[in-house]
Amino acid sequence: MKFFVDTADLAEIEEAASWGALAGVTTNPSLYARIGGKLADFPTHIQRICELTNGPVSAEATGEARADIIREGRELAALAPNVVVKVPTTIEGLAATRTLADEGIPVNMTLCFTVPQALLAARAGARYVSPFVGRFDDIAEDGIEQLSYIVSALSNYDFSSSGVLGPDGKRQSIEVIAASIRSVQHVTQAALLGADIATVPFNVLKKCVEHPLTTNGLAAFQKDWEKVTKA
Ligand code: E4P
(Lines give C-alpha, C1' and ligand atoms only; values in the text may rest on other atoms or scores of the structure.)
Protein backbone atom coordinates (compact mmCIF):
# COMPACT_ATOMS: atom_id res chain seq x y z
CA MET A 1 0.00 0.00 0.00
CA LYS A 2 1.21 3.47 -0.87
CA PHE A 3 0.92 6.46 1.48
CA PHE A 4 -0.53 9.81 0.48
CA VAL A 5 -0.82 12.70 2.93
CA ASP A 6 -4.29 14.23 3.19
CA THR A 7 -3.61 17.93 3.72
CA ALA A 8 -3.23 21.29 2.00
CA ASP A 9 -0.64 22.50 4.54
CA LEU A 10 2.69 23.13 2.78
CA ALA A 11 4.78 22.62 5.93
CA GLU A 12 3.14 19.26 6.58
CA ILE A 13 3.65 18.18 2.96
CA GLU A 14 7.30 19.27 2.96
CA GLU A 15 7.92 17.42 6.22
CA ALA A 16 6.12 14.24 5.11
CA ALA A 17 7.91 14.29 1.73
CA SER A 18 11.28 14.54 3.51
CA TRP A 19 10.70 11.11 5.11
CA GLY A 20 11.24 9.48 1.72
CA ALA A 21 8.12 7.32 1.80
CA LEU A 22 5.42 9.64 0.51
CA ALA A 23 3.73 8.73 -2.79
CA GLY A 24 1.25 11.59 -3.21
CA VAL A 25 -1.03 14.24 -1.71
CA THR A 26 -4.79 14.70 -1.57
CA THR A 27 -6.52 18.01 -0.87
CA ASN A 28 -10.14 19.08 -0.75
CA PRO A 29 -11.97 22.41 -0.33
CA SER A 30 -12.29 21.92 3.45
CA LEU A 31 -8.56 21.25 3.85
CA TYR A 32 -7.75 24.39 1.82
CA ALA A 33 -10.20 26.47 3.90
CA ARG A 34 -8.62 25.05 7.10
CA ILE A 35 -5.25 26.62 6.25
CA GLY A 36 -6.92 29.98 5.51
CA GLY A 37 -6.52 29.58 1.73
CA LYS A 38 -7.79 32.36 -0.57
CA LEU A 39 -9.44 31.70 -3.94
CA ALA A 40 -6.94 33.85 -5.84
CA ASP A 41 -4.00 31.89 -4.39
CA PHE A 42 -5.44 28.45 -5.10
CA PRO A 43 -3.68 27.78 -8.44
CA THR A 44 -0.23 28.77 -7.15
CA HIS A 45 -0.83 26.82 -3.94
CA ILE A 46 -1.58 23.66 -5.94
CA GLN A 47 1.52 24.29 -8.08
CA ARG A 48 3.65 24.61 -4.92
CA ILE A 49 2.24 21.31 -3.56
CA CYS A 50 3.05 19.69 -6.92
CA GLU A 51 6.65 20.92 -6.71
CA LEU A 52 7.02 19.47 -3.21
CA THR A 53 5.50 16.12 -4.15
CA ASN A 54 7.07 13.35 -6.16
CA GLY A 55 3.71 11.84 -7.08
CA PRO A 56 0.08 12.64 -7.85
CA VAL A 57 -1.60 15.62 -6.18
CA SER A 58 -5.40 15.62 -6.03
CA ALA A 59 -7.05 19.04 -6.42
CA GLU A 60 -10.83 19.20 -6.30
CA ALA A 61 -13.16 20.66 -8.93
CA THR A 62 -15.99 22.47 -7.14
CA GLY A 63 -18.53 22.81 -9.98
CA GLU A 64 -21.59 20.55 -9.88
CA ALA A 65 -22.62 20.48 -13.57
CA ARG A 66 -20.52 18.34 -15.92
CA ALA A 67 -19.55 21.30 -18.12
CA ASP A 68 -18.21 23.18 -15.07
CA ILE A 69 -16.33 20.15 -13.73
CA ILE A 70 -14.76 19.57 -17.16
CA ARG A 71 -13.70 23.22 -17.50
CA GLU A 72 -12.25 23.30 -13.98
CA GLY A 73 -10.62 19.92 -14.50
CA ARG A 74 -8.82 21.14 -17.62
CA GLU A 75 -7.66 24.28 -15.76
CA LEU A 76 -6.41 22.27 -12.78
CA ALA A 77 -4.63 19.73 -15.00
CA ALA A 78 -2.81 22.57 -16.78
CA LEU A 79 -1.24 23.71 -13.48
CA ALA A 80 1.30 20.85 -13.24
CA PRO A 81 1.90 17.43 -14.81
CA ASN A 82 1.17 15.60 -11.55
CA VAL A 83 -2.26 17.12 -10.88
CA VAL A 84 -5.13 14.66 -10.47
CA VAL A 85 -8.59 16.19 -10.68
CA LYS A 86 -10.86 15.27 -7.79
CA VAL A 87 -14.46 14.86 -8.90
CA PRO A 88 -17.49 13.92 -6.76
CA THR A 89 -19.15 10.56 -7.37
CA THR A 90 -22.36 11.92 -8.89
CA ILE A 91 -23.99 11.50 -12.31
CA GLU A 92 -22.49 14.82 -13.41
CA GLY A 93 -19.14 13.73 -11.98
CA LEU A 94 -19.21 10.44 -13.88
CA ALA A 95 -19.94 12.20 -17.17
CA ALA A 96 -17.15 14.72 -16.55
CA THR A 97 -14.76 11.93 -15.60
CA ARG A 98 -15.38 10.11 -18.90
CA THR A 99 -14.53 13.27 -20.85
CA LEU A 100 -11.45 14.11 -18.78
CA ALA A 101 -10.19 10.51 -18.87
CA ASP A 102 -10.50 10.39 -22.66
CA GLU A 103 -8.39 13.57 -22.79
CA GLY A 104 -5.71 11.89 -20.66
CA ILE A 105 -6.54 13.84 -17.49
CA PRO A 106 -6.46 11.57 -14.41
CA VAL A 107 -9.45 11.78 -12.07
CA ASN A 108 -9.86 10.79 -8.43
CA MET A 109 -13.55 10.15 -7.80
CA THR A 110 -14.24 11.29 -4.28
CA LEU A 111 -17.06 10.98 -1.75
CA CYS A 112 -17.49 7.33 -2.74
CA PHE A 113 -19.38 5.16 -0.26
CA THR A 114 -20.75 2.11 -2.08
CA VAL A 115 -19.71 -0.72 -4.38
CA PRO A 116 -21.94 0.46 -7.27
CA GLN A 117 -20.48 3.96 -7.02
CA ALA A 118 -16.94 2.55 -7.17
CA LEU A 119 -17.76 0.26 -10.12
CA LEU A 120 -19.29 3.17 -12.03
CA ALA A 121 -16.25 5.35 -11.24
CA ALA A 122 -14.04 2.63 -12.72
CA ARG A 123 -16.21 2.29 -15.83
CA ALA A 124 -16.20 6.08 -16.29
CA GLY A 125 -12.40 6.04 -16.47
CA ALA A 126 -11.39 7.23 -13.01
CA ARG A 127 -7.68 6.74 -12.24
CA TYR A 128 -8.48 6.60 -8.52
CA VAL A 129 -11.57 6.12 -6.39
CA SER A 130 -11.69 7.32 -2.79
CA PRO A 131 -14.01 5.41 -0.44
CA PHE A 132 -14.44 7.43 2.77
CA VAL A 133 -13.90 5.26 5.85
CA GLY A 134 -14.24 7.66 8.79
CA ARG A 135 -17.43 9.29 7.58
CA PHE A 136 -19.14 5.88 7.59
CA ASP A 137 -17.94 5.36 11.16
CA ASP A 138 -19.38 8.81 11.99
CA ILE A 139 -22.88 7.54 11.16
CA ALA A 140 -22.39 4.32 13.15
CA GLU A 141 -21.62 2.19 10.08
CA ASP A 142 -18.40 0.17 9.70
CA GLY A 143 -16.26 2.15 7.25
CA ILE A 144 -13.57 -0.50 6.99
CA GLU A 145 -16.15 -3.15 6.11
CA GLN A 146 -17.54 -0.91 3.36
CA LEU A 147 -13.99 -0.30 2.06
CA SER A 148 -13.39 -4.07 1.99
CA TYR A 149 -16.51 -4.58 -0.15
CA ILE A 150 -15.28 -1.97 -2.65
CA VAL A 151 -11.73 -3.40 -2.86
CA SER A 152 -13.12 -6.90 -3.27
CA ALA A 153 -15.70 -5.95 -5.93
CA LEU A 154 -13.21 -3.99 -8.05
CA SER A 155 -10.73 -6.88 -7.92
CA ASN A 156 -13.31 -9.11 -9.66
CA TYR A 157 -13.01 -7.19 -12.94
CA ASP A 158 -10.47 -5.85 -15.42
CA PHE A 159 -10.89 -2.12 -15.97
CA SER A 160 -7.82 -1.64 -18.12
CA SER A 161 -9.88 -0.94 -21.25
CA SER A 162 -12.02 1.78 -19.61
CA GLY A 163 -9.36 3.72 -17.69
CA VAL A 164 -7.75 7.10 -18.28
CA LEU A 165 -5.67 7.43 -21.42
CA GLY A 166 -2.01 7.36 -20.35
CA PRO A 167 0.87 9.26 -21.99
CA ASP A 168 1.90 6.02 -23.75
CA GLY A 169 -1.55 5.77 -25.38
CA LYS A 170 -2.54 2.87 -23.08
CA ARG A 171 -5.42 3.11 -20.67
CA GLN A 172 -4.61 2.92 -16.95
CA SER A 173 -6.62 0.88 -14.48
CA ILE A 174 -8.17 2.26 -11.31
CA GLU A 175 -6.58 2.28 -7.85
CA VAL A 176 -8.44 2.47 -4.55
CA ILE A 177 -7.49 5.24 -2.13
CA ALA A 178 -8.68 4.56 1.42
CA ALA A 179 -9.78 8.07 2.44
CA SER A 180 -11.26 9.76 5.50
CA ILE A 181 -8.69 7.89 7.56
CA ARG A 182 -8.82 8.81 11.24
CA SER A 183 -6.48 6.34 13.01
CA VAL A 184 -3.47 4.05 12.75
CA GLN A 185 -5.90 1.15 13.01
CA HIS A 186 -7.69 2.37 9.89
CA VAL A 187 -4.32 2.36 8.08
CA THR A 188 -3.54 -1.17 9.24
CA GLN A 189 -6.95 -2.48 8.21
CA ALA A 190 -6.84 -0.72 4.83
CA ALA A 191 -3.51 -2.43 4.09
CA LEU A 192 -4.73 -5.84 5.25
CA LEU A 193 -7.76 -5.74 2.98
CA GLY A 194 -5.67 -4.66 -0.01
CA ALA A 195 -6.35 -0.95 -0.59
CA ASP A 196 -3.79 0.35 -3.11
CA ILE A 197 -3.26 3.63 -1.27
CA ALA A 198 -4.21 5.23 2.04
CA THR A 199 -4.46 9.01 2.21
CA VAL A 200 -3.67 9.89 5.78
CA PRO A 201 -3.87 13.16 7.77
CA PHE A 202 -0.41 14.34 8.83
CA ASN A 203 -1.00 13.76 12.56
CA VAL A 204 -2.08 10.16 11.90
CA LEU A 205 0.83 9.64 9.49
CA LYS A 206 3.24 10.62 12.30
CA LYS A 207 1.51 8.18 14.64
CA CYS A 208 2.02 5.47 11.99
CA VAL A 209 5.79 5.77 12.55
CA GLU A 210 5.70 5.99 16.32
CA HIS A 211 5.46 3.10 18.78
CA PRO A 212 6.25 3.16 22.53
CA LEU A 213 8.35 0.00 22.19
CA THR A 214 10.41 1.70 19.48
CA THR A 215 10.85 4.83 21.63
CA ASN A 216 11.68 2.87 24.79
CA GLY A 217 13.92 0.42 22.94
CA LEU A 218 15.88 3.27 21.37
CA ALA A 219 16.32 4.98 24.75
CA ALA A 220 17.66 1.73 26.25
CA PHE A 221 20.08 1.20 23.34
CA GLN A 222 21.39 4.76 23.70
CA LYS A 223 21.82 4.38 27.46
CA ASP A 224 23.77 1.13 26.99
CA TRP A 225 25.85 2.65 24.19
CA GLU A 226 26.87 5.45 26.58
CA LYS A 227 28.30 2.74 28.86
CA VAL A 228 30.31 1.39 25.91
CA THR A 229 31.62 4.80 24.87
CA LYS A 230 32.55 5.71 28.46
CA ALA A 231 34.23 2.36 29.24
C1 E4P B 1 -9.55 12.60 0.83
O2 E4P B 1 -9.49 12.45 -0.35
C3 E4P B 1 -10.72 13.15 1.52
O4 E4P B 1 -10.99 14.42 1.08
C5 E4P B 1 -10.50 13.13 3.00
O6 E4P B 1 -9.83 11.96 3.36
C7 E4P B 1 -11.76 13.35 3.80
O8 E4P B 1 -11.50 13.10 5.16
P9 E4P B 1 -12.50 13.55 6.32
O10 E4P B 1 -13.71 12.68 6.25
O11 E4P B 1 -11.72 13.32 7.58
O12 E4P B 1 -12.84 14.99 6.07
Side-chain angles (χ1 to χ4, degrees), residues 1-10 12-13 16-17 22-37 42 45-46 49-50 53 55-64 69 72-73 76-77 82-90 93-94 96-97 100 105-114 117-118 121-122 124 126-148 150-151 154 164 174-191 193 195-208:
M1 189 174 74
K2 288 172 275 189
F3 286 87
F4 288 5
V5 66
D6 193 26
T7 181
D9 186 307
L10 293 177
E12 289 183 351
I13 293 164
L22 191 69
V25 175
T26 52
T27 68
N28 65 35
S30 304
L31 292 170
Y32 188 59
R34 193 178 297 165
I35 59 156
F42 186 64
H45 192 82
I46 293 297
I49 294 175
C50 288
T53 310
V57 172
S58 289
E60 192 149 340
T62 52
E64 290 182 43
I69 300 171
E72 274 184 76
L76 289 167
N82 50 338
V83 165
V84 171
V85 181
K86 229 172 170 189
V87 173
T89 311
T90 59
L94 287 171
T97 295
L100 294 169
I105 296 174
V107 169
N108 172 2
M109 292 214 83
T110 189
L111 290 166
C112 173
F113 292 92
T114 68
Q117 284 181 314
R127 178 70 183 85
Y128 305 98
V129 65
S130 292
F132 277 31
V133 173
R135 292 195 193 189
F136 254 130
D137 293 356
D138 291 344
I139 58 160
E141 298 277 342
D142 185 342
I144 286 293
E145 187 175 40
Q146 299 298 327
L147 173 66
S148 76
I150 288 170
V151 169
L154 289 181
V164 58
I174 194 163
E175 287 185 286
V176 175
I177 304 179
S180 188
I181 292 288
R182 306 274 171 77
S183 66
V184 175
Q185 193 169 1
H186 277 164
V187 176
T188 303
Q189 290 171 311
L193 62 82
D196 300 292
I197 298 153
T199 190
V200 185
F202 182 71
N203 65 323
V204 178
L205 198 58
K206 269 178 83 175
K207 286 186 192 156
C208 286

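FYI, the numbering just counts along the sequence from 1. Indexing begins at 1, ligand by ligand and atom by atom, following the structure's order. Values below: all heavy atoms of this structure, side chains included; hydrogens, waters and symmetry mates excluded.
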- Under 4.0 angstrom from ligand 1, any heavy atom of K86? yes
- Query: V176 pairs by side chain to side chain contact (heavy atoms under 4.5 Å, CB included) with which of I197, L193, L154?
  - Reply: L154
- Query: Taking C-beta and beyond as the side chain, do H45 and T27 meet within less than 4.5 Å on heavy atoms?
  - Reply: no
- of all protein heavy atoms, closest to atom 5 (C) of ligand 1 is D6 OD2, 3.0 Å
- Are side-chain heavy atoms of V57 and I13 found at a separation under 4.5 Å? no
- Item | Protein heavy-atom partner closest to atom 3 (C) of ligand 1 - residue, atom, separation in Å | F132 CZ, 3.4 Å
- Task: Indicate whether any N or O donor in one side chain lies under 3.5 Å from an N or O acceptor in the other, for T62 and E72.
- Result: yes
- Query: Quick one: nearest non-hydrogen protein atom to atom 12 (O) of ligand 1, plus distance?
  - Reply: R135 NH2, 2.8 Å
- Identify the closest protein heavy atom to atom 11 (O) of ligand 1: which residue and atom is it, and at what distance? R182 NE, 3.1 Å
- Query: Who pairs with T89 by side chain to side chain contact (heavy atoms under 4.5 Å, CB included), at least two apart in sequence or on another chain?
  - Reply: M109, C112, Q117
- Does the D6 side chain pair with the main chain of I181, one donor and one acceptor, at a distance under 3.5 Å? no
- Residue, atom name and distance, where the atom is the protein heavy atom closest to atom 4 (O) of ligand 1: N28 ND2, 2.6 Å
- Message: Suppose we measure from atom 8 (O) of ligand 1 to each protein heavy atom; which comes out shortest, and what is that distance?
- Response: S180 CA, 3.4 Å
